[in-house]
A.B. asks: 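Structure below; questions to follow.
Just so it is clear, the model here is predicted, and its values are computed rather than measured.
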Amino acid sequence: MRTLGVEITGSEAMLCLLSKENDVFDIRDIRQTRFTLANIGQDQEAMRKFHFDVSKLVEDYQIDTIAIRQRAHKGKFAGSAAGFKMEAAFQLIPNTEVHLLNATEVKEQLKRNPVPVDYADTGLRKYQEQAFTNAYVLIMRKTYGHDVEDEQA
């Protein structure tokens with residue numbers, strides 16, 4: 001299972017590719033770990049280029065699933081319009097499952113299945129930490145499923 005963890009902040013998407021085969025995690029190198037949406041997504045060509053670039057990356061690395069941290073729609077921590085456009089671009093990639101993870105789910109999954117390695121030892125850059133966490137949480141969710149509480153919500 002190859003999972004692309006995505007963290008969207010402002011007009012940037014930070015990426016981390018994590019795979020799990022035979023109960024062994026592997027952090028894969030990818031050619032680009034950060035994408036920026038030009039003109040904050042106000043230009044149709046910028047959106048098409050962003051979508052093409054991320055689609056090509058997903059295709060080239062044969063990514064099965066994408067894990068994105070869900071952002072609030074309103075309030076102090078609400079996501080920007082550009083962020084929601086980027087999220088939609090990821091969701092429109094053909095033949096790929098996209099999962100939006102809410103903060104509570106991430107916290108609960110990490111409590112049940114803590115990351116087995118210190119982040120500093122992964123070799124990833126600091127800005128990829130949330131993307132790594134998103135990918136890890138989705139893999140754990142797919143491996144062990146939801147709790148009864150999660151299914152009732």
Side-chain angles (χ1 to χ4, degrees), residues 1-21 25-110 113 115 117 119-120 122-146 150-151 153:
M1 171 190 325
R2 290 184 185 193
T3 302
L4 183 70
V6 179
E7 177 65 16
I8 298 173
T9 57
S11 61
E12 283 191 320
M14 279 63 82
L15 311 175
C16 176
L17 180 56
L18 185 65
S19 67
K20 181 182 178 198
E21 295 172 19
F25 286 98
D26 185 22
I27 300 171
R28 306 277 175 115
D29 286 333
I30 52 178
R31 68 175 168 261
Q32 193 168 351
T33 57
R34 145 187 331 203
F35 284 94
T36 302
L37 182 59
N39 298 329
I40 313 172
Q42 295 177 352
D43 179 27
Q44 182 179 13
E45 281 306 309
M47 281 304 302
R48 285 187 176 162
K49 181 179 179 347
F50 179 84
H51 183 260
F52 175 81
D53 291 345
V54 295
S55 296
K56 186 67 174 153
L57 183 114
V58 167
E59 178 186 321
D60 290 349
Y61 290 96
Q62 301 171 346
I63 294 168
D64 308 58
T65 56
I66 298 174
I68 303 173
R69 178 80 55 99
Q70 189 175 13
R71 290 166 330 283
H73 293 273
K74 54 186 171 179
K76 182 178 179 182
F77 299 106
S80 67
F84 289 112
K85 287 180 179 184
M86 287 188 288
E87 185 178 292
F90 280 103
Q91 290 176 323
L92 293 173
I93 297 172
N95 305 319
T96 307
E97 290 181 43
V98 177
H99 297 270
L100 299 177
L101 308 170
N102 67 45
T104 305
E105 178 182 6
V106 170
K107 184 178 176 183
E108 288 297 316
Q109 196 64 253
L110 288 173
N113 302 299
V115 179
V117 64
Y119 184 76
T122 63
L124 295 171
R125 292 184 167 84
K126 182 67 178 156
Y127 67 83
Q128 291 177 284
E129 186 170 4
Q130 277 306 135
F132 169 79
T133 302
N134 293 345
Y136 176 79
V137 164
L138 181 61
I139 289 172
M140 289 293 97
R141 185 174 96 178
K142 285 182 160 259
T143 302
Y144 299 112
H146 291 284
D150 292 339
E151 291 175 4

A.B. asks: With a 4.5 Å limit on heavy-atom distance, are the side chains of Arg71 and Leu100 in contact?
C.D. replies: no
A.B. asks: Ring of Tyr127, cation from Arg34 - is the NZ or CZ under 6.0 Å from the centre and inside 45° of the axis?
C.D. replies: yes
A.B. asks: Would you name the heavy atoms of Leu57 and Leu4 that are closest together and state the gap between them?
C.D. replies: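 Of all heavy-atom pairs spanning Leu57 and Leu4, the closest is CD2-CD2, 4.3 Å.
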A.B. asks: A quick test of your reading: do over 12 heavy atoms of other residues, nucleotides or ligands sit less than 6.0 Å from CG of Asp60?
C.D. replies: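 It does: Asp60 CG has more than 12 such atoms within range.
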A.B. asks: Looking at Arg125, I want to see if its CZ is surrounded by more than 12 non-hydrogen atoms of other residues, nucleotides or ligands under 6.0 Å.
C.D. replies: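 No, not enclosed.
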A.B. asks: Rounded to the nearest 0.5 Å, what's the gap from CD1 on Ile66 to CZ on Arg2? Could you check?
C.D. replies: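 Here the rounded value is 14.0 Å.
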A.B. asks: Under the ring pair (Phe, Tyr, Trp, His ring centres under 6.0 Å) test, which residues partner Phe52, sequence neighbours left out?
C.D. replies: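 Scan of Phe52 (ring pair (Phe, Tyr, Trp, His ring centres under 6.0 Å), adjacent residues dropped) gives none.
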A.B. asks: Just do the side-chain contact (heavy atoms from CB on, under 4.5 Å) check on Leu15 and Gln32 with the steps written out, would you?
C.D. replies: CA-CA 8 Å; Leu15 311 175; Gln32 193 168 351; 5.9 Å; no
A.B. asks: Rounded to the nearest 0.5 Å, what separation is found between the CE atom of Met140 and the OG1 atom of Thr3?
C.D. replies: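 Going from the CE atom of Met140 to the OG1 atom of Thr3 covers 10.0 Å.
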A.B. asks: Does some side-chain heavy atom of Met1 sit less than 4.5 Å from a side-chain heavy atom of Ile139?
C.D. replies: yes
A.B. asks: Just wondering, do Leu101 and Arg141 contact through their side chains at under 4.5 Å, heavy atoms?
C.D. replies: yes
A.B. asks: For Asp29, I'd like to know if atom CG has over 12 heavy atoms of other residues, nucleotides or ligands within 6.0 Å.
C.D. replies: no
A.B. asks: Test: salt bridge (charged side-chain N to carboxylate O under 4.0 Å, His left out). Region: residues 129-139. Which pairs qualify, not counting sequence neighbours?
C.D. replies: Lys126-Glu129
A.B. asks: So which of Val137, Thr133, Val6, Asn102 actually passes side-chain contact (heavy atoms from CB on, under 4.5 Å) with Arg69?
C.D. replies: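 It is Thr133; the other options fail the test.
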A.B. asks: Between Ala46 and Ala38, what is the shortest heavy-atom contact and its length?
C.D. replies: CB-O, 3.5 Å
A.B. asks: Within the 4.5 Å heavy-atom criterion, are Met47 and Leu37 side-chain neighbours or not?
C.D. replies: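 Yes, at least one pair of side-chain atoms sits under 4.5 Å.
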A.B. asks: Okay, side chain of Tyr61, backbone of Arg31: is any donor-acceptor separation there less than 3.5 Å?
C.D. replies: yes
A.B. asks: Heavy atoms only: give me the nearest Ala89-His51 pair and the separation to one decimal.
C.D. replies: O-CD2, 3.1 Å
A.B. asks: So which heavy atom on Met86 is nearest to which on Gly10, and how close?
C.D. replies: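 Shortest heavy-atom contact: CE-O, 3.5 Å.
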A.B. asks: Say you draw a straight line from CD of Gln130 to CE of Met14; how long is it, rounded to the nearest 0.5 Å?
C.D. replies: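 Gln130 CD to Met14 CE: 9.5 Å, rounded to 0.5 Å.
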A.B. asks: With the side chain counted from C-beta on, respond yes when Lys142 and Glu97 share a heavy-atom pair under 4.5 Å apart, and no when they do not.
C.D. replies: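 They are in side-chain contact.
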A.B. asks: Does Thr122 reach the side chain of Val115, with side-chain heavy atoms less than 4.5 Å apart?
C.D. replies: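 Side chain of Thr122 against side chain of Val115, heavy atoms only: no contact under 4.5 Å found.
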A.B. asks: Applying ring pair (Phe, Tyr, Trp, His ring centres under 6.0 Å), can you list everything that pairs with Phe90, at least two apart in sequence or on another chain?
C.D. replies: Phe50
A.B. asks: Find the distance between CG (Leu18) and CG (Asp26) and round it off to the nearest 0.5 Å.
C.D. replies: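 If I round to the nearest 0.5 Å, the distance is 8.0 Å.
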A.B. asks: With a 4.5 Å limit on heavy-atom distance, are the side chains of Val98 and Glu87 in contact?
C.D. replies: no
A.B. asks: Check whether any side-chain heavy atom of Leu138 sits under 4.5 Å from a side-chain heavy atom of Asn134, and report yes or no.
C.D. replies: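 They are not in side-chain contact.
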A.B. asks: Looking at every heavy atom in both Tyr136 and Asn113, which two are closest together, and how far apart are they?
C.D. replies: OH-O, 2.9 Å
A.B. asks: If I take atom OG1 from residue Thr96 and atom CD1 from residue Ile63, how far apart are they, to the nearest 0.5 angstrom?
C.D. replies: 7.5 Å
A.B. asks: Can you measure from CZ (Arg48) to CG (Asp43) and round to the nearest 0.5 angstrom?
C.D. replies: 10.0 Å
